[in-house]
Amino acid sequence: MNVRVGTGVDVHAFSDEPGRPLVLAGVTVPGATGLAGHSDADVVVHAVADALLGAAALGDLGTLFGVDDPRLVGASSVRLLKDVIARLESDGWQVGNLDVTVVAQQPRLAEHRAAMRQRLADAARVALSAVSVKITGTDALGALGRGEGIGAHAACTIVARSHQREHGDP
């Protein structure tokens, strides 16, 4: 079995746009200030997508979905992740597992962890047991510790499906 590992990182500052929702792993966190960004600024999904793309050597999220594309203003990052998954699958890969660490001093996110895991599992078409979401702060150190934004780190495995890839041997 051919397995590859990928990692991804994303960080966004909090937005000063009134009413912008905070979306993490496709889950809207009620009452929280949203993140600044071209799409919905979902740092969790962005980190996961970059990890998957890196594992498959297919580039990165910014290359596939540029920040200058007006069609992507406010776009659902989960929709973009599903596109990434489809690209992997068409290239002969499937997601093995996802492991995400959300770095946020605020807001408190533990009560949303189960929904985040489920949303990522659904988008990646894997069992819930293949998705981990951890949440941590930075003990008030750095920009994230000062509550200026939220970051996410992701690691993943992808597994070659039983048939040969179109673009070469995995």
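Just so it is clear, the model here is predicted, and its values are computed rather than measured. Throughout, residue positions are numbered sequentially from 1 according to the sequence presented.
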*If only atom types and distance count, is the side chain of Ser15 paired as donor or acceptor with the main-chain N or O of Ala36 below 3.5 Å?*
no
*Considering all heavy atoms of both residues, which atom of Ala123 and which atom of Val78 are nearest to each other, and what is their separation?*
CB-CG1, 4.1 Å
*asked:* Go through it in stages, so that I can follow the logic: the residues are Leu58 and Asp91, the test is side chain to side chain contact (heavy atoms under 4.5 Å, CB included), and I'd like the CA-CA distance, side-chain angles, deciding distance and then a yes or no.
replied: CA-CA 10 Å; Leu58 293 175; Asp91 211 28; 3.9 Å; yes
*Considering all heavy atoms of both residues, which atom of Phe14 and which atom of Leu35 are nearest to each other, and what is their separation?*
CD2-CD2, 3.7 Å
_If hydrophobic clusters are built from ILVMFWY residues whose side chains come within less than 4.5 Å, do Leu80 and Val84 share one?_
yes
*Quick one: which residue pairs count as a ring-ring contact (aromatic ring centres under 6.0 Å, His included) with a foot in residues 139-161, not counting sequence neighbours?*
none
_Can you pull out every ring-ring contact (aromatic ring centres under 6.0 Å, His included) where at least one residue sits in residues 43-62? Sequence neighbours excluded, please._
His12-His46
*asked:* Testing the basics here: between Ser39 and Ala75, what is the closest heavy-atom pair and its distance to 0.1 Å?
replied: CB-O, 3.4 Å
*Stepwise, does the side chain to side chain contact (heavy atoms under 4.5 Å, CB included) test hold for Thr157 with Arg4?*
CA-CA 5 Å; Thr157 58; Arg4 290 188 183 178; over 6 Å; no
*If you group Ile, Leu, Val, Met, Phe, Trp and Tyr whenever their side-chain heavy atoms sit less than 4.5 Å apart, what else falls in with Leu144?*
Val11, Val103
*Does Leu64 reach the side chain of Arg87, with side-chain heavy atoms less than 4.5 Å apart?*
yes
*asked:* Once side-chain hydrogen bond (donor to acceptor under 3.5 Å, both in side chains) is applied, what residue pairs with a partner in residues 19-36 remain, sequence neighbours excluded?
replied: none
*Would you call Leu128 and Arg117 a side-chain contact if the rule is heavy atoms closer than 4.5 Å?*
yes
*Can you tell me how far CG of Leu88 sits from SG of Cys156, rounded to the nearest 0.5 angstrom?*
8.0 Å
*Would a hydrophobic clustering, with Ile, Leu, Val, Met, Phe, Trp and Tyr connected at side-chain separations under 4.5 Å, put Val9 with Ile150?*
no
*For Ala152 and Ala47, which heavy atoms make the closest approach, and how far apart are they?*
O-CB, 3.6 Å
*Please tell me if the side chains of Val44 and Asp10 come closer than 4.5 Å, counting only heavy atoms from C-beta onward.*
no
*asked:* Can you tell me how far apart CD (Gln94) and CG (Leu52) are? Round to the nearest 0.5 Å.
replied: 12.0 Å
*For Ser77, which of Leu24, Val43, Asp40 qualifies under side-chain contact (heavy atoms from CB on, under 4.5 Å)?*
Asp40
*Enter the distance from Ile135:CD1 to Leu109:CG here, rounded to the nearest 0.5 Å.*
5.0 Å
*Minimum heavy-atom distance Lys134-Arg113, with the two atoms named*: CA-NH1, 3.8 Å
*Kindly indicate whether the side chain of Ile158, heavy atoms from C-beta on, has any atom under 4.5 Å from the side chain of Val3.*
no
*Note, Ser132 side chain near Val100 side chain (heavy atom, < 4.5 Å)*: no
*asked:* Which residue in the set Arg125, Arg119, Gln118 passes side-chain hydrogen bond (donor to acceptor under 3.5 Å, both in side chains) when paired with Asp122?
replied: Gln118
*Taking side chain as C-beta onward, heavy atoms only, is Val133 less than 4.5 Å from Val102?*
yes
*To the nearest 0.5 Å, what is the distance between CZ (Phe65) and CZ (Arg79)?*
7.5 Å
*Interatomic distance, Asp42 atom CG to Ser76 atom OG [nearest 0.5 angstrom]*: 8.0 Å
*Heavy atoms only: give me the nearest Ala130-Gly96 pair and the separation to one decimal.*
CB-O, 3.5 Å
*Please list all pairs passing the ring-ring contact (aromatic ring centres under 6.0 Å, His included) test where one or both residues lie in residues 117-147, with sequence neighbours left out.*
none
*asked:* So, taking the atom named CG in Asp50 and the one named OG1 in Thr63, what distance separates them when rounded to the nearest 0.5 Å?
replied: 8.5 Å
*asked:* Enumerate the ring-ring contact (aromatic ring centres under 6.0 Å, His included) contacts for residues 111-132, please, sequence neighbours excluded, ordered by first and then second residue.
replied: none
